[in-house]
Each structure stands twice: as structure tokens, then as C-alpha cells.
Colleague: 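Below you will find the structure I want to go over with you.
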Amino acid sequence: MLEPPMSLVGRMAELRLKTLSVIAWLALMVGAVVFTAAGVGRTNLESLDWFLPVIFWAVVITTISFITVPAPSGSRLSLGIAAAVAAAILMDDQMALGAAICLALAATGLIERNFFLSMKRTDGDFLTDALGMAAYSFVYLATYDSVVEADVIDLTWSVVAAVLAAGLVWFVVRALVAAFVGLERSDLAGRYLWLLALEDWAVVISIFAAGTLLGLTWPVMGVWAVAVAVLPYTFGHLAFERYHSTKVTYGQTIRALAQIPEVAGLAPAGHSTRTADLAVAIAQEMGLHPNEVVELEYAALMHDVGRITLNEPAIVKAGFTDEDIARWGAQIIAEAPYLQNVSTLVAQQHRPYRSPGIEVDPDIPIASKIIKVASAYDQARTELALSPIESLERIHQGSAYEFDPQVGSSLRRVLVFRGEITF
Amino acid sequence: MRTLDVHAVSRSGWFIEPKTLNGLPGRVFAVAFVFFEWNAVEVNDKLFASPSIMVMMTAAVAFGPRSAVLGTTTMAALALFTTQDVKERRWFQPAVNFGQLVIYSAISTTVLSLLLVQIGDAGEEWEVSTTMVGLVALASGLSAVVYGIVNLGLVTFIVGRVYGGKNMNKWSHMAQLVVPYVGMGFLGGLLGAALLLVGPASLPLIAIVFFTGYMAFESYAGLREAQLSTLAGFIKALEAKDLYTRGHTERVAYFSNMIGLHLGFNGTRLEKLRWAALIHDVGKLAVPREVIRKKARLTENEYEEMQGHVHHVEILLSEVEFLKPMVEIAANHHAHVDGNGYHGSAGEGVAPSLEARILAVADSFDAMTSTRSYRVALSQEYAFAELRRFAGTQFDPEVVEAFVEVLSASKEEYGSPIEITEDEARRRAEHGFAQPSGIPRDWSDEQRGRREQSDVGTSDEPGGSHG
């Protein structure tokens, strides 16, 4: 995802997140101390036996946390939670479990901040992981105890049931925290991030099943348990990696094809890329569904591809309209069997929000309206060389007539967040 | 830690039969077997993972070979008949496949059973214990190899009988096959042991991990397919806007594929060559139409611009990670073997790869045998003679000979049916015979109408002849 230039508003949001994650980190350290005190006090051991599993699992969870898997949402999920799932199954002492998880999370946060800056794990990611894992362990222990007490299913199934319940809670907490981070960053709609987090369900299920498998097989199979849990998971992990890299190259392919008119000098250079970046920002701010945002990005990248037709001198002499460009572009895109929706979006990009004298609003996809606004704004900025505020003014002048007013206000908020305008 | 029951399994003769794990799990396994048998996933270009062998080994360890064979073969009987077969009333092939499957399932599970009896030498009761897990997995891996060998042997035998033993070098791929079979069998054995030791609760967990992985591979394959078809469809659509080059890309890809096959290219390499052919002229889409369609000789500037299309390919597609090797080939398709010609960004003096040399021959041949704005199509014989004339300087002689040989053998005929010299072809073009054969299909009627009303002469419109 593109890193937008930060305005004061953006920097304030970042600062608030940083403060929150520092508070969370301190809370983890306090938690580790409290759990250790409670655990040692309760067992009144004289040897170091109590500490060994705590340190072992803290190290394991921390190490595995640095293995990440690309999820469909675009974020990388840490496998630390799989190790935590296994630890929760295998550790008998609840206080020891609490101490191990607190230590592991604190260590992960510290290492991420200082040694692995290139990992691009943000404060938001740290908060998400910390709250998620804490919620998981609480719910797991509570559910497991009550299921065992109810004594309706055997121990193994009780473990599965507790993982299921706690995993569900983890998933929801993670999505909620993601949405909260969105509220903090005023240019990303909470709804968008919540839906984005829900996209990851398949990866999440896979990680949890692998962790549970490790926890259940370890006592009876020893080291072979690692193979049982790791080998099948690796199959999926590879697939997720490949899916992700193909998705990236798919985007690259579309970006490349969209540039043909620009390389040919038939469209202004860089216009399609800038339009797409702005359109995606507007869509995220408005809280569109992530899948819609992807289609919108492709459509915005290729919205001028119809201009390749202008290579034909006869066409240029005969004259053409925006509608022609839209139609030609849609015709070209429609040749790709998987881009039918994108083709529809491109075909409608020129349509005005409301035509004069017509009462009923036309049924135009929101994505097409966003492309119209983003493209017009970029044209005003580059071809007419207007300032951001003047360009925005032009969009406002055409509001509720040429442009959708909601998209116009969203554009304003994006520009404020990026610091290009100040109100 | 909580203790878990060890599920005991009893012995009966050679076969090991489970005590507790019958019924539902067996059916679940059979369904899984069918599913995988039906939907093998392409892990990479060479390896097709058929996890059905793994499922079978898991079942054989957990339930004993009798139920494993019974379950798998019953369901395999259904799995082998695809809807396509039923529709077309093909019974023979599926029946043969089914028979084979029964044979090698039975053989490999019997081997496994013998090995397991050796491992768990405990009289009447056969139990899996933690110490045995590694051996069980190993035995299972070995049995899977037996499965693979029997499978390959049978297929070779049958195909040899039916098709007279042509092209049967399947055994040479044995080494490639052994590794996945050992891996799948080993994993299958491990999972079977896990199922026995942990109990049925591990079954849904294993299934979930595999199923999500499977789904991810499927969506990966789908996305890859989408990517390739997007590129292909797009190039086709853009090319269709110019009547002179229409179909050029497809024909060049066809010729390249022909030559590649003749020179013994295998799957991945051939696919790469086809892709290079498909993108080799993308840059031309960005060259102004007047230049491409000019009848007179090109000026120096125009010539530069025309050559620039090779460079454009690199500008446009070098950002696309998976196309990198193909872009390199495509960028060199105007490079001559003697070091002249237009090289890509790799620069002068770098010898073009075999793929690029193939592409050069295919491209030049199609250019000669199709009508261009400046001359009508030349004959196939003339094009062959030209290719041979420049073999050694512009073209690779081996590639030229391979192409002439394979195209002559195919009995396909391209270009003008009558002998015609290049000068004559150019003269005819000047007299207006260079009309492309295609009909423009994607200007809408409305657009065509508008053009007719305007004062545009039909001479620079390729589609003018039919409007």
C-alpha cells in the first residue's frame, strides 16, 4: 500500500498509536511480573522448575513470531499465535502461561522496534497482536475449564472446543483493533479495515489448526509432533506465499498494460498511476469493501487505456468524446475474461452524477464516480497546473451535477489527511 | 499433562485391523481420497501433487489395509468416472484406471502391513507407541514408493500394449517421482500414527490444515490463470486495433512453439517461449500508427522510433516480476547472431539466447508472409530462401533449418500462393493492393458513420474498403 505523505493530523494519529503501544508494552511487563509472583507464590517451589517452561515457551513464541504469512488482506500474520495455542494446551500452570505470553509479546515488541525495522510491523500491528493473544489465552483457559467441568466430551475434544471458542474471540478482537486503528487514522474507514481483517479467515483457521495439532500430538509423539504440525502447514504456507506474490505480479501486469497509451504519448505520463492512488485512498476513506477497492484500483489504472485508439490518425481527425474513450477502454478490458467488472467500471467513468433536466439519479457504480473525481482532480493539478485547493474547488463547483458530492467530501478529507490542504 | 488413551489395534493374520476407529472416520477418509484423486493441485510446473496417496497411507496405518483398500477403491470407482466420461459414455479408460488403482493400492498396503507387523512385533495386540512413530512413517514412505513403481510399471505396460511402445521414457522420470512419493507416504504414515495416538479429534484438525492449503493453492492457480489470460486478452484486443498486425502475435507464438518442440524444449521452457512470443510486439502498440503503416521508406527518425518498440517492451514489462525472463527474450528478437541488429538493454555483443533466435526466425517469417502497408505478402518459398540467405549472419542456421523442416512437414502453407519478388510486392503495394484481409470489428457502427461523414480519405484507413 502506498505510504501517503503525513500531515499534522496524520502525525497526531501516529503519536496516539505510539503512546497506546507503549502503554500496552508496559502493561505486558507488569503482567509478566504479576503472573510470575502469583505463580511462584502459589507453588512455593524451591528450585527453578517453575521458570523452565515459562522461559522455554517465551523463547519459542518470540522466535516463531518472526515467521509471518501473507494474508489476503495484504498484511502479514505472525505465526506467534500458533505457538501460543500450543503453549496454552501444553502448560498446566495458568500463571506460568500468562507469564510466558506476556514475556514473549514484550520481547517481540522490543525486537521489532530495535533490530528488525525493515519488517514494517507498525504500532498498530503490535497492538493487534498483543490484545489478540491476551484475549485468546483468557478465553481459552476459561472455556477449557468450564468444558472439562461440564464433562460431556473427552479431554481431547475439550481442547478443540476451547481453541475454537478462543480462536473466534481472537479473530474478532483482531478485526476490532484493526478497525480502531482505522478510527485513529482518519483517512482509513474503520469499516474498510474491519472487512479487510475478516478476509483473512482461511489463513487464520490454518494457523490455529496447526497450533492445536502441535499441542495435542506433542505429549504422545514427542519431536514427531513438530513434523505432524509443521509439514501439512508448510503446504498451505507455500500456497499463501505464492498467492500473494502472484497477486503482486498481477497488479504489476495491469499497471504495465495501463501504461501503453502513456508510453505511446497518447495520454499524459503518470496520470493513470496518480489517479489510481488517489481513487484507492478515497475508496478506503469511504469504507468500500476491500474487493471493490481492488477492482477500483485496476479500473482507475486502466481508465485511459481506450486512448490507445487515438494511435489511428483517422479517429483523431474525426473527433472523439470522453464517452468514446471510456467505451473503447471498456472494449479492450472486456477481452480479459477475469476483468468483466473492471470493464463495466471503466465504461461508466465518464457519466455525470446527474444530467440536467433528469430527475432520477443514474445508477452509476460508486467506483466509477470515484474514478471520475480522482481523474478530474489530477487533471486540474497537472494539466491546468492548479494548486490543490483550486483543484478541489473545481470539483466542488461540479458537485451534485458532474461529480458525486459524497466523493467530493471524501476527497477533501483525504487531502486534509495528506496535508495538501489545511481545513 | 493430561493422559491420552492409546488406541489399540488387533492383529488378524497378516492384516492389522483397528479396534476403535471404524465407521465414520473411514468414510471421511474415503471422501477425502475421492476429493484429492479428482482435484490434484499443480504445486509447480513439474510437480502435480496427488495427496490421495497420502490419504491412503494415513488410512492404512490408522484402520488397517483392508478398510483402507476397501474404502479407497470403492470411492475411487466413483472418482475415476468424471462427469465428462459419463456424458461421452466412455467406460473403458475409467475401468482400466480403476483396475490399476485396486492393484497398486492392494500391493502397497500389503507391503505396509508386512512392515508394520515387523515393527510392532507384539503378538496378538498391535499398538503404536511413541518410539515407533518414526519407523511407521518410514514404512509408509517405502510403501508409497512401491505404489509409485507399480503405478508407473502398469501404466508403461498398458500404454506400451495399446500404443505400441512409442515415446515410453517414463522410467527416466522415476527419480523425480520417488521424492514426492516418499514425502507423501512419510507424511501419511505420520498422520496415521497421530490419529491412532491422539484419537479422532486430530482428524478435523489435519483436514483443516490440508483443506485450507489446498484452497490456497487453488486460488493461486486461479489467479495465475487470470493473470495470463488478462495479458493474452489484452494484447489481442490492442493488436486487433491494427489490421496489419492482427493475428501476427498469435502466429509468431504458434511458429515459435513449433520450432521449440522440434528442438526438444520441455514444458516450462516451451511455455516461456510462447509467452515471450506473445509479448514480443507489445512495444509496437506504443509506436505511432503512421510510422508502422508508412508506405515509403522510413526516415532516420522514424526508423529509430520503430526500433524503439523493442525498448518499449522493456520499459513497460520489466516491472512485472514473473515476465522478466520472457522480456529478455522478447527484447532480443531483433538481435542478429553476428552481433548486429537491435539488442535489448543487455547491449551489443551479447549473443541472443536460443529462445530469442527462435523468436527472430518466427517473427521474420510471419512478417514476410503477411501483407504489410509497404508490400503485399511474399510466398513461403521466397521466405524460406530469405531465411536461409541470412542464416549465419542474422539468423541461427540450425533454427532456420529446424523451422523449414517442421513447417514443410506440417503441410501448412503461408503467404502468397504465387511466386513474387520483393520488388514486385512493393510495387503492388504502391498500386493499392496492400489491403489487409481482416475486417475491423471493434469500431462501432456509430463511429464508422461519423468517420464517413468527415472528410477523411479512405486511403489511410485500412478498413475503408468495406465501409
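Below, chains carry the letters A, B, ... as their sequence lines are ordered, and counting in each starts from 1. Values below: all heavy atoms of this structure, side chains included; hydrogens, waters and symmetry mates excluded.
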Colleague: Please work out whether the ring planes of A:Tyr250 and A:Tyr298 are parallel, tilted or perpendicular, with thresholds of 30° and 60°.
Modeller: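 Geometry flag for A:Tyr298 against A:Tyr250: perpendicular rings.
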Colleague: Which heavy atom of B:Gly192 sits nearest a heavy atom of B:Val61, and at what distance?
Modeller: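 Taking every non-hydrogen atom into account, C-CG1, 3.8 Å.
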Colleague: Any idea which of A:Thr234, A:Asp154, A:Leu213, A:Ile207 has the most non-hydrogen atom pairs under 4.5 angstrom with chain B?
Modeller: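 The candidate making the most pairs under 4.5 Å is A:Leu213.
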Colleague: Taking every heavy-atom pair that is under 4.5 Å apart, which of A:Thr217, A:Val305, A:Leu339, A:Ile260 has the most such pairs with chain B?
Modeller: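 So the answer, after comparing A:Thr217, A:Val305, A:Leu339, A:Ile260, is A:Ile260.
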Colleague: Taking the six-membered ring for Trp, are B:Tyr220 and B:Phe217 parallel (under 30°), tilted (30 to 60°) or perpendicular (over 60°)?
Modeller: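 Ring orientation, 0 to 90° scale: perpendicular.
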Colleague: Any side-chain donor-acceptor pair under 3.5 Å between A:Ser272 and A:Glu262?
Modeller: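 The criterion, which ignores hydrogens and geometry beyond distance, is satisfied for A:Glu262 and A:Ser272.
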Colleague: Check whether the ring centres of A:His303 and A:His271 lie less than 6.0 Å apart, and answer yes or no.
Modeller: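 Yes, the ring of A:His303 comes within the 6.0 Å limit of the ring of A:His271, centre to centre.
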Colleague: With chain A as the partner, which of B:Gly233, B:Ala201, B:Ala194 has the greatest number of non-hydrogen pairs under 4.5 Å?
Modeller: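 Highest number of pairs under 4.5 Å: B:Ala201.
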Colleague: Counting C-beta onward and ignoring hydrogens, is there a side-chain heavy-atom pair between A:Tyr233 and A:Val69 closer than 4.5 Å?
Modeller: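 When only atoms from C-beta onward are counted, A:Val69 and A:Tyr233 do touch, with a gap below 4.5 Å.
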Colleague: Counting only heavy atoms closer than 4.5 Å, note whether B:Leu187 contacts chain A via side chain, backbone, both or neither.
Modeller: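 For B:Leu187, the contact with chain A is made by the side chain alone.
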Colleague: By a 4.5 Å heavy-atom criterion (distance strictly below it), what part of A:Ile205 contacts chain B: side chain, backbone, both, or neither?
Modeller: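 Both parts, backbone and side chain.
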Colleague: Find the one option among B:Ile208, B:Ile235, B:Leu323, B:Leu223 whose heavy-atom pairs under 4.5 Å with chain A are most numerous.
Modeller: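 Highest number of pairs under 4.5 Å: B:Leu223.
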Colleague: Please flag which part of A:Ile153 lies under 4.5 Å from any non-hydrogen atom of chain B: side chain, backbone, both or neither.
Modeller: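 For A:Ile153, there is no contact with chain B at all, as no heavy atom is under 4.5 Å.
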Colleague: Using heavy-atom distances under 4.5 Å, tell me whether A:Trp218 contacts chain B through its side chain, its backbone, both, or neither.
Modeller: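 Neither the backbone nor the side chain of A:Trp218 comes within 4.5 Å of chain B.
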Colleague: Just by distance, with hydrogens left out, do A:Asp145 and A:Gln94 show a side-chain donor and acceptor under 3.5 Å apart?
Modeller: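 Distance-only check passes for A:Asp145 and A:Gln94.
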Colleague: What part of A:Val160 gets within 4.5 angstrom of chain B, counting heavy atoms only: side chain, backbone, both, or neither?
Modeller: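 For A:Val160, the side chain is the part near chain B, not the backbone.
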Colleague: Of all of A:Val163, A:Leu266, A:Val263, A:Val203, which one pairs up most often with chain B through heavy atoms under 4.5 Å apart?
Modeller: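 Highest number of heavy-atom pairs under 4.5 Å: A:Val263.
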Colleague: Using every non-hydrogen atom in the two residues, find where A:Phe208 and A:Ile81 come nearest and quote the distance to one decimal.
Modeller: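 Taking every non-hydrogen atom into account, CZ-CG1, 3.6 Å.
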Colleague: Output the option from A:Pro72, A:Ser245, A:Ala334, A:Pro232 having the highest count of non-hydrogen pairs under 4.5 Å with chain B.
Modeller: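 Among A:Pro72, A:Ser245, A:Ala334, A:Pro232, the one with the most close pairs to chain B is A:Pro232.
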Colleague: Using a 4.5 angstrom heavy-atom cutoff, name the option from A:Thr212, A:Val248, A:Leu310 with the most pairs to chain B.
Modeller: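 Top count of heavy-atom pairs under 4.5 Å with chain B: A:Thr212.
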